[in-house]
4 protein chains.
Amino acid sequence: MADTERRHHGNRHGRSEAARQAVLQAADDLLAEKGFAGVTMEGIAARAGVAKQTVYRWWSGKTAVLVDALVEDLAEDLTPPDHGLLALDLPAYLAQLAHVLSATDTGAVFKALIAQAQHDPAFGAGFRARYLDEQRRRDRLPLERAVARGELPAGIDVAAETDRLVGPLYYRVLVTDEPIGRDYTDRLAHDFLDRVLHERGPAAPR
Amino acid sequence: MADTERRHHGNRHGRSEAARQAVLQAADDLLAEKGFAGVTMEGIAARAGVAKQTVYRWWSGKTAVLVDALVEDLAEDLTPPDHGLLALDLPAYLAQLAHVLSATDTGAVFKALIAQAQHDPAFGAGFRARYLDEQRRRDRLPLERAVARGELPAGIDVAAETDRLVGPLYYRVLVTDEPIGRDYTDRLAHDFLDRVLHERGPAAPR
Amino acid sequence: MADTERRHHGNRHGRSEAARQAVLQAADDLLAEKGFAGVTMEGIAARAGVAKQTVYRWWSGKTAVLVDALVEDLAEDLTPPDHGLLALDLPAYLAQLAHVLSATDTGAVFKALIAQAQHDPAFGAGFRARYLDEQRRRDRLPLERAVARGELPAGIDVAAETDRLVGPLYYRVLVTDEPIGRDYTDRLAHDFLDRVLHERGPAAPR
Amino acid sequence: MADTERRHHGNRHGRSEAARQAVLQAADDLLAEKGFAGVTMEGIAARAGVAKQTVYRWWSGKTAVLVDALVEDLAEDLTPPDHGLLALDLPAYLAQLAHVLSATDTGAVFKALIAQAQHDPAFGAGFRARYLDEQRRRDRLPLERAVARGELPAGIDVAAETDRLVGPLYYRVLVTDEPIGRDYTDRLAHDFLDRVLHERGPAAPR
DNA sequence: CGCTAATCGAGACGGTACGTCTTGTCTTGGC
DNA sequence: GCCAAGACAAGACGTACCGTCTCGATTAGCG
């Protein structure tokens, strides 16, 4: 029976899942509608039909709510493809990452939070531990799989190479705010493959 | 003469330079001491020994004050070197940029403002027009000079190549918050030179 | 049997007397320690080691708890003496009343509740019906006994005369907050006796 | 010209009289409409069309606002009459006092505040110093004038006698909540006059 | 040399959001 | 059926800043 679905108003065995979802949704909506400054604890509570105290009971502030909302939304939006061939996976993933960051609500939440990380170092530490490390693992997956497949030399510094691939994307998204076309991400991927795959060829005599 | 230096209380012929300097200094100090959240118009005015209205008369908000403070400080902190040789200029500039961004008060102000640009798109547009375009011109100088000298082929896309060089630095500063060592910037510079200078060798048949 | 005395956590046979006593005691203590504002349903429950719901199950609010606490304590604190002579009973009772009101915990509870009766007329009606009428009967006892003994004329308006005797005491306790010495109560009693006992002398021609 | 009447929004030369009046009126209205519990700082500010901070700037809490409202309203509502004859002044004043206390908005404010004085001794001290002493001086005026006129013996204890006259009124208003008719106040006045004026007659041989 | 106009410090104003507190209701599982 | 535990919606608390305003003092050039 739909026993666990019943609306309830608190009990000793934990929080209300309905309230949790309403809060996360309200925060997401407010950010999309009114921007980061328009997201307030008061507004979240009102929009979610929830008491302010209920928000404060489970989250320390609006950024904490947004982090939860982001984590919830992100894993599904950004799954690295796996075609078994780096030449296919890498450009596809870079294009997907660029799109999510620059053109989705999820990307807006990410930008708001990475911004807050600049303003508040303590939050930044928590945010990076909670979310970013996971994201960076995702970013590294294409190269790691290629190493496992033998497409790339085992000695390659996957972390550093990944930084150099995604860095320019984040730079455009966060700093220059320029659109990122498919040609840009393709060129990043192509030059990386070119450099790495032929490194031990004609580049040797340098 | 020292005439205009005198502390004064208003006159019909323009603003008080003393008040302006006091405000910029107060904003800088507050950011360094208490972080972005600790910078308030009220606090700036109090610390500067100035009326709130005086701040509002000349700046639209705390971010506008910080932009002025940043512009004042930045040009001098970050002048691209010119040794006449890209292999010297490029690593030096990347290292200098990394240092300013990650380890100086000027870098802290920059991070606070680029963060605010995420939160407030209107501010972002103004900030990029007012400050960032100038900064990107500085970033492109080493490559442009090399093109002018004939060190690099004339057809190279200087803007795109610069993005790929500085992107990873901003990525580390803004996103991952990892320290950037001299070896990292040197490796970026080296690989760029390697790729570009030997491009028309074995890579030709692609 | 001792069965119902055992500390227990719920049973189907009526309320826990232990919980009831703990609640009344907690309310009394909190009032004495922190004043009326320091008495909260939450605080009472916590101090009594009882769930908030248990308090709400049996009392409608903190004032209801205090009323119960007061009723429990009061009858014994304030028993009119009976020496068989009004000239002895009246001054003794007035002094006793003044002392209880102005210098005991019971008096503090009374003051808190009569205050609440001003703030909340509905509570006031209940409080007066529940408690004050009983108290006024006590206050009238000395005069009533004197009438019964023939010390006072049968036609005297006992209620009105009592008001004029105790009114000034309540006035001092509630309004002026001045100490009430034995001489003050003695003088009240003396003048009353003087007036009533000799009324039908020279005052007659009025 | 009506220079000082101009509406203004704060300046360095003191507070807004318009805001002050609006606050006092709002507090009065709320008390009359919704009772003491219905008076909140938030509600006062909203009803007065004033910022909460403005209320807090000038008053420490809702009781402080009510004290000001009371002081403002009271002096005019309760002016002891002066017919030049105690036998006229005293009954008139007692009836006026009874009416104001038991049947006017001013009386409701008084009751709310004297109640708060029971709950909060610190407030009580301030309230008595600020307001009650003045009120007691008013209460004593009829007797004092009679002493000055020679109607009453110079040695009479005006303060104590006043307590015994008004005490029963406050007792009825605060404690028993019974209506006070003109006959009751007349009887109080009459018996006082009777007792005091004929004291040195037939009462002597007792 | 006095008038005029813009700026100055000061600070009260109407607002909004903060994070905390208490109220009274509801739900659960143990006894 | 009562109990302890505690989450819940509601809403007031007192504080901090926001951006606007009014004021009287100060100061420079114009007439």
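The chains referred to below are lettered A, B, ... by the order of the sequence lines, with proteins before strands, and numbering in each begins at 1.
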Checklist entry - What integer distance in Å separates C:Tyr56:OH from F:dA4:P? => result 15 Å

Checklist entry - Nearest to the side chain of D:Ala51 - E:dT20, F:dG14, E:dG15? => result E:dG15

Checklist entry - Are a donor atom and an acceptor atom from the side chains of D:Gln21 and D:Gln25 found within less than 3.5 Å of each other? => result no

Item to check | Closest-nucleotide ordering on DNA chain F, the 5'-leading residue of A:Val50 and B:Glu42 | outcome: A:Val50

Checklist outcome for this item: To the nearest angstrom, the CZ-C1' distance between A:Arg47 and F:dA10 comes to 20 Å

Item to check | Pairwise 5' ranking along DNA chain F for B:Gln53 and D:Lys52, keeping only the more 5' one | outcome: D:Lys52

Item to check | Short side-chain N/O contact from D:Thr54 to OP1 or OP2 of E:dA12, under 4.0 Å | outcome: no

Next on the checklist: Do C:Trp58 and C:Val65 make a side-chain contact, defined as non-hydrogen atoms from C-beta onward lying under 4.5 Å apart?
Outcome noted: no

Next on the checklist: OP1 or OP2 of E:dG11 versus the side-chain N and O atoms of D:Trp58: is any pair under 4.0 Å?
Outcome noted: no

Item to check | Carboxylate-amine/guanidinium proximity below 4.0 Å for B:Glu42 and B:Lys62 | outcome: no

Item to check | First encountered from the 5' end of DNA chain E, between C:Thr40 and A:Lys62 | outcome: A:Lys62

Checklist entry - CZ of A:Arg20 versus P of F:dC8: gap in Å, rounded? => result 12 Å

Next on the checklist: Whole angstroms only, please: what is the NZ-P distance between A:Lys34 and E:dT16?
Outcome noted: 11 Å

Checklist entry - For the side chain of B:His119 and the backbone of A:Ala112, is there at least one donor-acceptor N/O pair under 3.5 Å apart? => result yes

Next on the checklist: Does a side-chain N or O of B:Trp59 approach OP1 or OP2 of F:dG19 to a distance below 4.0 Å, or not?
Outcome noted: no

Checklist outcome for this item: Between CD of A:Glu17 and C1' of F:dA7 the distance, given in whole Å, is 14 Å

Item to check | Short side-chain N/O contact from B:Arg57 to OP1 or OP2 of E:dC8, under 4.0 Å | outcome: yes

